[in-house]
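Report on the structure given below.
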2 protein chains.
Amino acid sequence: MDIEARTAVLSRSPFFRELDPDLVALSAREAQERKLAKQESLFQQGDDATHHYVVAWGRLRLDQATPDGKNIVLRFMGPGDLVGSVAVFRGMPYPATPVAVEETSVLSWSAVRMMALMQENPPLAMRAMGMMGGRIEELQARLQEIATQQVERRIAATILRLAGQSGRRTAEGVEIPFALSRQDLAEMTGTTLHTVSRTLSAWIEEGLLEGRRSSHLVILRPHRLVEIAEQA
Amino acid sequence: MDIEARTAVLSRSPFFRELDPDLVALSAREAQERKLAKQESLFQQGDDATHHYVVAWGRLRLDQATPDGKNIVLRFMGPGDLVGSVAVFRGMPYPATPVAVEETSVLSWSAVRMMALMQENPPLAMRAMGMMGGRIEELQARLQEIATQQVERRIAATILRLAGQSGRRTAEGVEIPFALSRQDLAEMTGTTLHTVSRTLSAWIEEGLLEGRRSSHLVILRPHRLVEIAEQA
DNA sequence: CCGTGAATTTGATCCCGCGCAAATCCGGAA
DNA sequence: TTCCGGATTTGCGCGGGATCAAATTCACGG
């Protein structure tokens with residue numbers, strides 16, 4: 001990817017968007033690019049946090065392994081999303097593993113270099129805080145869901161959240177544009193793939209969704225899904 | 001509270017600790033103090049986020065109301081903790097309500113003033129990011145617990161987390177130095193007060209804990225509690 | 001010191017969703 | 001085209017915790 005392409009990617013990312021063009025250009029020039037094959041990890045949970053990354057294109061799934069061998073999906077990340085920064089700012093090892101769910105390209109900067117960029121460009125630091133704040137609010141919302149709502153509502157809310165973050169409007173409805181397994185949804189909602197499968201089957205039956213087997217999910221009746229997510 | 005007392009409070013807070021003394025003194029001088037009676041709220045969920053706060057003394061419980069009238073406890077905050085900043089950085093309304101569980105004093109700064117302080121003092125901005133990162137990791141850990149572990153383990157983990165954040169070593173064990181109801185624990189762990197009550201009763205019976213009724217909880221055998229939290 | 005009410009404890013029952021098992025269905029490799 | 005393996009679907013029975021109920025027990029105001 002040449003510098004222009006990188007600059008274009010960065011200026012579209014929520015992190016650099018509308019910041020000083022010189023800063024964006026400089027950052028694009030200094031970034032290292034890395035490509036990941038499907039299934040490949042950007043780094044491993046527990047590794048020292050040495051770099052900040054921004055997804056250029058593709059899709060990552062952020063997995064957290066539990067001490068007892070289970071796994072939960074913290075989130076999916078696409079173009080423009082910031083990866084690894086939380087750990088770098090804390091000076092702690094990465095708390096999760098980002099895995100490419102399709103071929104993916106990321107740009108990276110070393111911790112020290114990004115620190116310097118932020119110190120020289122306070123607006124960049126403000127952006128980083130805004131993004132971390134967004135992550136906190138998302139996590140709080142999910143915690144609230146899982147703590148108070150039944151499985152069906154959580155699955156609906158999770159699908160809607162994914163649609164809001166990455167959904168693409170198509171002729172039939174809103175498509176979630178990447179492979180999302182029943183297992184993934186189970187690990188995002190704190191349930192089992194069995195329950196997710198049963199729930200989605202019912203919804204597909206009902207004409208609410210489309211996406212049997214491994215095709216991408218398409219929400220045919222978003223409003224109805226919102227009703228399920230909010231049902232009193 | 002006079003300037004010296006404020007300065008002392010701030011220099012002990014994780015937010016200002018070991019930063020430039022002039023900055024700490026300036027911040028202390030500019031802060032507004034506000035006292036809250038027991039049960040009083042600092043602000044309401046949904047209010048515009050206009051100020052950053054640091055707890056000087058006392059204790060706040062951060063509550064999040066769900067759309068369907070339930071409530072969850074996001075965390076407890078004590079001296080040195082930062083309140084409200086997440087929302088201010090996002091430019092969104094406060095997502096939760098901090099309620100004083102005992103008489104409490106907070107220091108505050110307007111959003112613009114704090115922004116200026118951070119832009120002039122990058123290390124302060126870095127601190128803020130570190131603290132937000134800590135919040136993110138805590139939320140991720142809780143999400144993992146609630147998504148994968150049984151209630152008993154979650155309650156144990158929650159008590160241990162509170163002990164780690166605010167616990168005081170006493171002759172008998174580790175005390176959680178504020179009123180923490182069964183209901184509070186239930187709203188932190190995603191269960192009901194009934195289940196919490198049963199679980200704690202068993203632990204008290206077993207000599208693991210102390211704190212029937214509304215006295216403060218004391219962990220008599222922390223190691224045993226860790227075992228429960230980590231039981232395979 | 002007593003009465004009142006909220007917090008806690010405890011009991012009994014029910015049911016959502018998990019665990020286990022098995023069948024089925026594709027996607028892709030050869 | 002066929003075969004293989006992982007993903008998905010579906011059935012069934014049990015159990016952890018929720019729900020519904022009620023009894024206790026303190027803290028506290030008067």
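We name chains A, B, ... by the order of the sequence lines, and we start the count at 1 in each one. Heavy-atom basis, side chains included; hydrogens, waters and symmetry copies ignored. From a predicted model like this one, the values you see are computed outputs, not experimental measurements.
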Would you call Glu206(B) and Arg224(B) a salt bridge, taking side-chain N to carboxylate O under 4.0 Å as the test? yes
Considering every strand and a 4.0 Å limit on heavy-atom distances, what is the contact class for Ser197(A): base, sugar-phosphate, or nothing? base
Whole-Å distance, Leu209(B) CG to dT8(C) P, equals 14 Å
Between Leu193(B) (CG) and dA6(C) (P), how many Å, whole number? 14 Å
Hey, are Asp63(A) and Arg61(A) close enough for a salt bridge, meaning a charged N less than 4.0 Å from a carboxylate O? yes
Would you mind reading off the distance between Ile204(A) atom CD1 and dA7(D) atom P, rounded to a whole angstrom? 17 Å
Rounded to the nearest Å, what distance is computed from the CG atom of residue Asp184(A) to the C1' atom of nucleotide dT8(D)? 13 Å
Indicate yes or no: does Glu145(A) engage Arg142(A) in a salt bridge with an N to O separation below 4.0 Å. no
For the helix from dC1(C)-dG30(D) to dA30(C)-dT1(D), what is the angle between the axes at its two ends, each from 5 pairs, rounded to 10°? 50°
Atom-to-atom span, CD of Glu102(A) to P of dG27(C) - whole angstrom: 18 Å
It should be established whether Arg182(A) places a side-chain nitrogen or oxygen under 4.0 Å from OP1 or OP2 of nucleotide dT9(D). yes
Taking every heavy atom of Ile228(A) against every heavy atom of Ala156(A), the minimum-distance pair comes out as CG2-CB, 3.9 Å
Enclosure of Gln32(B) CD (heavy-atom neighbours >12, cutoff 6.0 Å): no
For the pair Arg212(B) and Glu205(B), find out whether any cationic side-chain nitrogen is under 4.0 Å from an anionic carboxylate oxygen. yes
Given atom CG of Leu217(B) and atom P of dA7(C), what is their separation to the nearest angstrom? 16 Å
Nucleotides 17-22 of chain D: protein proximity per nucleotide (B base, S sugar-phosphate only, - neither; heavy atom, under 4.0 Å): SSBBB-
May I ask you to say whether Glu40(A) pairs ionically with Arg34(A), meaning some side-chain N is under 4.0 Å from a carboxylate O? yes
Please report, rounded to the nearest Å, how far the C1' atom of dT8(C) is from the CG atom of Leu180(B). 14 Å
Taking Gln44(B)'s backbone N and O only, do any of them form a donor-acceptor pair with Ser41(B)'s side chain (distance below 3.5 Å, no angle check)? no
Every protein N/O within reach of nucleotides 4-6 of chain D N/O, cut-off under 3.5 Å:
none

How about Gln231(A) and Gln149(A): does a side-chain donor come under 3.5 Å of a side-chain acceptor? no
Can a salt bridge be assigned to the pair Glu103(B) and Lys35(B) using a cut-off of 4.0 Å between side-chain N and carboxylate O? no
From CZ of Arg153(A) across to C1' of dG17(C) the rounded distance in Å is 17 Å
Suppose we call two aromatic rings close when their centres sit under 6.0 Å apart. Are His52(A) and Phe89(A) close by that rule? yes
